[in-house]
There are 2 protein chains.
Amino acid sequence: MALSRSSSFTNDKIVNKSNKRITIVDIAKELAVSPSLVSMVLSGNGKKNRISEKASKRVTETAKRMGYNPNLLARALRTGKTGVLGLIVADISNPFFATLARLIENEASRYGYGVMFASSDEEAEKFNKIGNVFITKQVDGLIIVPVKESMEIISEWHSRNIPIVSIDRYYESLNIPYVVSDNFDASYTMIKYLRKKGHNKIAFIVRNTNISNFKERECGFLACANHLSLSSEQFHVFKLDNDNWKKELQIIIDKILTEGFDVIFFGQNMLGVEGLRILNKLKIQIPDNLGVISFDNSDVFEFNKPRITCFEQPLKKLAETTLVYLTNIIDDKIDDKQTYAKFKGRLIIRESC
Amino acid sequence: MALSRSSSFTNDKIVNKSNKRITIVDIAKELAVSPSLVSMVLSGNGKKNRISEKASKRVTETAKRMGYNPNLLARALRTGKTGVLGLIVADISNPFFATLARLIENEASRYGYGVMFASSDEEAEKFNKIGNVFITKQVDGLIIVPVKESMEIISEWHSRNIPIVSIDRYYESLNIPYVVSDNFDASYTMIKYLRKKGHNKIAFIVRNTNISNFKERECGFLACANHLSLSSEQFHVFKLDNDNWKKELQIIIDKILTEGFDVIFFGQNMLGVEGLRILNKLKIQIPDNLGVISFDNSDVFEFNKPRITCFEQPLKKLAETTLVYLTNIIDDKIDDKQTYAKFKGRLIIRESC
DNA sequence: TTGTATGCGTTATCAA
DNA sequence: TTGATAACGCATACAA
């Protein structure tokens, strides 16, 4: 390969010397027309600018022949559009977010966007830093999973007119479009199911944070408990602080076991997986000694024995709608105020309760 | 913070109204110096260009005061460096790649790079398209997981002098740096372990492709079988074509069960998970009726009952080394020929065999 | 329907 | 040690 003198590949270095990148100017020269004409055609605005069919054709053809590739950087500098979206999740290695990321990737590419990602680890500081990096890199829009204490950060971005859609979680008081599942309904449904199955003493474990999704799960839980006239002995909410939550979880589970709850309701994917790890280690018999139900689906819940009943979020819908919203904001097609979507998920009944 | 009027955050809106983006020209005017001086200081080349301490300080200070943010697009257009890396994995929603992506994200950010990702779904066509999008977007480098039939595509990119590091898989004949685990050793180790446990008839399931990792796993398997003088009845390699592999897997597993193999060796994470799903559905007793061992670790393998013995890859090392290589190539610090790293992983012994 | 001129914000070259 | 000026490649308002 390195020997063939005539191949355009192998000559790259040599060719590069004489032959810099092909630009619209080169094409214009070749055709003896103006660069602007070429630009209009090649940027897809030929029709809009009423360029003649013939001229258009000539341009596109020689562009192809000369091996023209638009310099997106130059275009971006000029137009302010990079064609890149920024995605901030809590942790891309968490299957929940990885799945979400994949769906978002698919949708984004349908609209011609690439996506940069980064993980916040649920830390506001990282969240802030990442977002600012994205903004500095001039992403056209941001898809964010808010974290604890991130409201002001997001608000600040919003005030700079960065197109943002919040996914999975949201801040009601921010006028930022959001796409979430109906966590209230989900909790409610799950509790009703537990009651129907005859469970009498329910332990609900959730993160101690004001983030919408966790809060709504808790509210759904409490509302349903209230609606079903459960006494305060029949249910309890256990809250985990973010730092060192694994240790706390261990302690809470010990407590739950000694206090004779008959079912644990994990308020999140990660809590469910980690909780299950602990329960398995303790060799707790599920569902005989203890029922288990968890938010979010996961391969783990399917492979654990017994398989774990859970509530699956409609991730595909979330991703789809998020991109509809975001592209609309970017294209100035919607007022971003009060735009939101809430989708219902589904209970997947298995053997754990 | 939100109350302090002097904070740069709260004043942002007010500033934004009257004030378009602050550029080095604005700063230059303010200080009555030339834009080039400002540029030199702000781009960190002050020392190199022997700008006086005093001038440097004045520039940085007023830049901060005026709320200057460099326009990375303009810089990128000028320098040709975007500060973005492109990552092509087979599927970001696959926990194996999601974990890898997270580790790469961490490393990349240490070097000041952002990362765009996309999934090839093991399809050469998508792989090609994605990579070209990345290149068009002028990423500074590419981290790729090659797929079947992707050699020429990669070679073409390489010939265009795109910095590339291949991870997890590689093409020997391409002079492209790669970072992989020692798949040969892994297979070898696993088989030796199986033999030691007394297994006599081993079914090895792997994808039918020439991609390095799968090929080496197969070679390791065969070499070890040979080394241990296994007869041809004592082992067999089953190969799956990519399209519709799930159905094929089902058929192969049926065959394995009827032909009385006493252990299945899954040559990949996904095969292991899907295979296990099938075995569980058939209510096969593991390890009594059939032993199971798989490549790659996974939560599923930990939660399945019995837990699945597997071989874990040293993902962190892969990610670290990949970024060392890639940044070196980008900075022209190494000759990219014949640079590679192979790391050994570890066997995780559990109850499935 | 086409062409001209200018700017996007930086950096790099050269001269002072 | 600093400044003037020319690119980087493209898109657009305006003129023809």
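The sequence lines fix the lettering, A, B, ..., with proteins before strands; numbering per chain opens at 1. Below, each value reflects all heavy atoms present in this structure, side chains not excepted, and no hydrogens, waters or symmetry copies.
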Between the protein and nucleotides 14-16 of chain D, which nitrogen or oxygen pairs are less than 3.5 angstrom apart?
none

Query - Test salt bridge (Lys or Arg N to Asp or Glu O under 4.0 Å) applied to B:E149 and B:K126, step by step - result: CA-CA 12 Å; B:E149 315 284 341; B:K126 269 194 197 176; over 6 Å; no
Give the rounded distance in Å between these two atoms: [atom1] of [X] and [atom2] of [N].
X: B:E53; N: D:dT2; atom1: CD; atom2: P; result: 11 Å
X: B:L77; N: C:dA12; atom1: CG; atom2: P; result: 12 Å
X: B:I51; N: D:dG3; atom1: CD1; atom2: C1'; result: 10 Å
X: B:I22; N: C:dC8; atom1: CD1; atom2: P; result: 14 Å
X: A:N71; N: D:dA11; atom1: CG; atom2: C1'; result: 13 Å
X: A:L42; N: D:dT12; atom1: CG; atom2: P; result: 13 Å
X: A:R50; N: D:dT12; atom1: CZ; atom2: P; result: 16 Å
X: A:R58; N: C:dT1; atom1: CZ; atom2: P; result: 16 Å

Query raised in the report: For A:K129, does the NZ atom sit with more than 12 other heavy atoms under 6.0 Å from it, leaving out its own atoms?
Result: no
Requested in this report: Inspect the surroundings of CD in A:E123 and state if more than 12 heavy atoms from other residues, nucleotides or ligands are less than 6.0 Å away.
Outcome: yes
**Report entry** salt bridge (Lys or Arg N to Asp or Glu O under 4.0 Å) between A:E53 and A:K57, worked out
**Finding:** CA-CA 6 Å; A:E53 275 293 322; A:K57 204 169 174 186; over 6 Å; no
Could you go over nucleotides 5-7 of chain C and give all protein N or O partners under 3.5 Å, atom names and distances?
residue, atom, partner, partner atom, Å
C:dG7, N2, A:R78, NE, 3.2
C:dG7, N2, A:R78, NH1, 3.0

Query raised in the report: For A:Y340, which residues count as a ring pair (Phe, Tyr, Trp, His ring centres under 6.0 Å) partner, sequence neighbours excluded?
Result: A:Y178
**Report entry** Whether B:T322 side chain and B:L318 backbone form a donor-acceptor pair below 3.5 Å
**Finding:**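 Looks like yes, one N/O pair under 3.5 Å.
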Query - Backbone N/O of A:S56 and side chain of A:T60: donor-acceptor pair under 3.5 Å - result: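 Side chain of A:T60 to backbone of A:S56, a donor-acceptor pair under 3.5 Å: yes, one is there.
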Looking only at side-chain atoms of [X], point me to the closest of [options].
X: A:T23; options: D:dG3, D:dA11, D:dG9; answer: D:dG9
X: A:S43; options: D:dG9, D:dT2, D:dA11; answer: D:dA11
X: A:S34; options: C:dT4, D:dG9, D:dT2; answer: C:dT4
X: A:S52; options: D:dG9, D:dT1, C:dT2; answer: C:dT2
X: A:R75; options: D:dG9, C:dT10, D:dA11; answer: D:dA11

Query raised in the report: How far apart are the C-alpha atoms of B:R110 and B:E107, what are their side-chain angles, what is the distance that settles it, and do they pass the salt bridge (Lys or Arg N to Asp or Glu O under 4.0 Å) test?
Result: CA-CA 5 Å; B:R110 284 173 13 102; B:E107 289 304 308; 3.2 Å; yes
Classify the nucleic acid contact of [X] as base, sugar-phosphate or nothing, counting any heavy atom under 4.0 Å across all strands shown.
X: B:A76; value: nothing
X: B:I24; value: base
X: B:V33; value: sugar-phosphate

Query raised in the report: Is there a side-chain contact between A:W157 and A:I164 (heavy atoms, below 4.5 Å)?
Result: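 Yes; the side chains approach each other to less than 4.5 Å.
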Query raised in the report: Under 3.5 Å, is there a donor-acceptor pair linking the side chains of B:D121 and B:S119?
Result: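 Note: B:D121 and B:S119 side chains miss the donor-acceptor criterion.
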